[in-house]
Amino acid sequence: MSSRDPFASYTWKSDIFSCESNDISTFYACLKEQVTRLGLLERTLGDAGRYPLNLYQSPAQKSGQPSLLISAGFHGEEAAGPWGMLHFLNELEPELFQRINLSLLPLVNPTGFKRGHRFNKLGQNPNRGFLVENGRGKSNDDTSAEGKILLEHSQLLQAASKEGILTCHEDVLQNDTYIYSFEANQTPGHFSRTLRDTLGEFFPIAPDGFIDDCPVADGIIFNHFDLSFEAFLVRLGANVGVCSETPGKQNFDQRVLANSAIMQTFIEQVIARQ
Ligand SMILES: [Zn+2]
């Protein structure tokens with residue numbers, strides 16, 4: 001039985017970005033370049049340690065377009081999510097904003113990212129303690145500092161994820177890939193299977209069984225409602241939700257490319273559902 005050590009440090013070298021995976025100053029510098037190029041609006045939701053917890057949104061959000069939220073970097077050792085978002089942004093053309101309202105949380109747990117460890121520097125898990133009460137966000141004793149900031153903006157995040165939430169995680173214990181997905185169905189539909197298959201182009205898909213006590217079938221853990229951020233937004237009404245899990249035992253740059261690819265597929269699939 002293996003489990004994740006919240007303070008074990010994991011770092012990798014990226015040849016794509018020519019730096020270490022926990023190089024936070026390079027990360028923020030590259031992000032700033034893309035935010036400027038794409039004209040994204042920056043909104044500081046609060047402070048996570050000495051770093052701002054920023055939400056970025058496509059300019060001039062339109063009421064007739066689907067609203068999608070993509071988040072990454074909840075767990076500090078899952079570094080290919082944030083770098084994958086940078087890779088995705090590098091390839092993005094601003095014309096896409098004529099079709100969707102895009103919101104991004106590129107790095108929710110900067111203090112964990114910098115140390116290469118799972119929890120934040122206060123020893124809290126940023127992806128727990130997201131409760132819903134009377135249609136509003138509510139914290140509990142497990143809610144992290146970052147989680148409280150996100151909960152304070154639950155109406156904004158609810159609107160931003162109305163047509164879908166994708167959150168990019170990694171599993172450092174795995175050689176195989178899998179997803180958590182949420183759809184208003186009894187079984188995973190085309191949407192879930194297509195997102196799984198995108199990761200399957202990069203890595204073997206996890207065999208059927210249990211991961212973290214959740215049943216995995218065909219690489220999908222389906223409609224598993226816990227107190228995570230993604231389950232929270234689905235409870236608040238997001239049409240679909242996906243939490244991607246790339247395998248931390250595989251090559252780092254491959255994981256970056258897989259994260260970038262699933263962001264692209266997620267957007268295409270949500271547009272196709274409209
Ligand atoms: Zn995670």
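Just so you know, these numbers use all the heavy atoms, side chains as well, and skip hydrogens, waters and symmetry mates.
- Contact of the T198 side chain with the F266 side chain is not registered, since no non-hydrogen atoms from C-beta on lie closer than 4.5 Å.
- Without hydrogens or angle criteria, D218 side chain to D208 main chain gives no donor-acceptor distance under 3.5 Å.
- Under a 3.5 Å cut-off, the side chain of E170 and the backbone N or O of A79 do form a donor-acceptor pair.
- Considering all non-hydrogen atoms of both residues, A48 and V108 come closest at CB-O, 4.4 Å.
- Using a 4.5 Å heavy-atom threshold, the side chains of H153 and L55 count as separate.
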**OP:** Please test F97 against L92 for side-chain contact (heavy atoms from CB on, under 4.5 Å), starting from the C-alpha separation and ending with a verdict.
**Re:** CA-CA 10 Å; F97 305 146; L92 194 66; 3.9 Å; yes
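- Partner of N90 under the side-chain contact (heavy atoms from CB on, under 4.5 Å) criterion, chosen from R37, Q34, M85: Q34.
- In this structure a side-chain-to-backbone donor-acceptor pair under 3.5 Å is missing from R118 to A8.
- L40 and L166 fall within the same hydrophobic cluster, where Ile, Leu, Val, Met, Phe, Trp and Tyr residues are linked whenever their side-chain heavy atoms come under 4.5 Å apart, directly or through other members.
- Between S192 and F222, the closest heavy-atom pair is OG-CE1, 4.1 Å.
- Under the 3.5 Å distance criterion, with hydrogens and angles disregarded, a donor-acceptor pair is assigned to the side chains of D253 and S14.
- Here the side chains of L38 and L89 are in contact, with some heavy-atom distance below 4.5 Å.
- Expressed to the nearest 0.5 Å, how far OG1 of T111 lies from CZ of F119 amounts to 12.0 Å.
- Looking only at atom types and distance, the side chain of Q65 has no donor-acceptor partner in the side chain of Q61 under 3.5 Å away.
- Between I220 and S181, the closest heavy-atom pair is CG2-OG, 3.5 Å.
- In terms of modelled atom types and a separation under 3.5 Å, the side chain of D226 and the main chain of S228 share a donor-acceptor contact.
- In this structure, H169 and H75 have perpendicular ring planes: the angle between them is above 60°, well past the 30° mark.
- Rounded to the nearest 0.5 Å, atoms CD (Q250) and CH2 (W12) are 12.0 Å apart.
- The backbone N or O of P82 sits nowhere less than 3.5 Å from a side-chain atom of N259 that would complete a donor-acceptor pair.
- Defined by atom type and a distance below 3.5 Å, a donor-acceptor pair is present between the side-chain atoms of N54 and Y56.
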Subject >> Audit row: K114, Y51, side-chain contact (heavy atoms from CB on, under 4.5 Å) steps and yes/no >> reply: CA-CA 11 Å; K114 189 181 180 186; Y51 303 100; 3.2 Å; yes
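- Following chains of ILVMFWY side-chain contacts shorter than 4.5 Å, one can reach L68 starting from F88, so the two form part of one hydrophobic cluster.
- In this structure, D197 CG and T265 OG1 are separated by 9.5 Å, a value rounded to the nearest 0.5 Å.
- P110 approaches I24 most closely through the heavy-atom pair O-CD1, 3.6 Å.
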**OP:** May I have the step-by-step check of side-chain contact (heavy atoms from CB on, under 4.5 Å) for L227 and D142, ending in yes or no?
**Re:** CA-CA 10 Å; L227 298 182; D142 293 333; 5.7 Å; no
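- Across all non-hydrogen atoms, the minimal contact from F210 to P215 is CD2-N, 3.7 Å.
- Formation of a donor-acceptor pair under 3.5 Å by the E230 side chain with backbone atoms of C243 is not found in this model.
- Contact check on E77 versus R115 returns no salt bridge, with no Lys/Arg side-chain nitrogen under 4.0 Å from an Asp/Glu carboxylate oxygen.
- The hydrophobic clustering, which links ILVMFWY residues whose side-chain heavy atoms are closer than 4.5 Å, places I149 and Y28 apart.
- Closest approach of Q254 to N251, counting heavy atoms only: N-OD1, 2.9 Å.
- Judged purely by atom type and a 3.5 angstrom limit, N223 uses its side chain to pair as donor or acceptor with the backbone of E183.
- With hydrophobic clusters built from ILVMFWY side chains whose heavy atoms lie under 4.5 angstrom apart, L69 does not share a cluster with L102.
- Considering only heavy atoms from C-beta on, L150 comes within 4.5 Å of L53 through its side chain.
- Remark: the backbone N or O of F74 is paired with a side-chain donor or acceptor of N109 at under 3.5 angstrom.
- Put simply, the side chain of R43 reaches to within 4.5 Å of the side chain of L156, judged on heavy atoms.
- In this structure, T36 contributes its side chain and K32 its backbone to a donor-acceptor pair below 3.5 Å.
- A salt bridge links D212 with R4: the distance from a Lys NZ or Arg NE/NH1/NH2 to an Asp or Glu carboxylate oxygen falls below 4.0 Å.
- Side-chain contact between L105 and F229: present, with at least one pair of heavy atoms (C-beta onward) separated by less than 4.5 Å.
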Subject >> Evaluation steps, side-chain contact (heavy atoms from CB on, under 4.5 Å), between F17 and H87 >> reply: CA-CA 9 Å; F17 292 100; H87 186 277; 4.3 Å; yes
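- Taking CZ from F130 and NZ from K138, the interatomic distance works out to 14.0 Å, rounded to the nearest 0.5 Å.
- In this structure a side-chain-to-backbone donor-acceptor pair under 3.5 Å is missing from R136 to S154.
- Contact of the L151 side chain with the F232 side chain is registered, since non-hydrogen atoms from C-beta on lie closer than 4.5 Å.
- The closest side-chain donor-acceptor pair between D23 and S21, if any, does not fall under 3.5 angstrom.
- The distance from atom CD1 of I211 to atom CD1 of I221, rounded to the nearest 0.5 Å, is 5.5 Å.
- Ring planes of F27 and W83: perpendicular class, angle over 60° (limits at 30 and 60°).
- A heavy-atom distance below 4.5 Å is not found between the side chains of I205 and L199.
- Taken to the nearest 0.5 Å, the CG atom of L41 stands 7.5 Å off from the OG atom of S58.
- The hydrophobic clustering, which links ILVMFWY residues whose side-chain heavy atoms are closer than 4.5 Å, places L233 and L131 apart.
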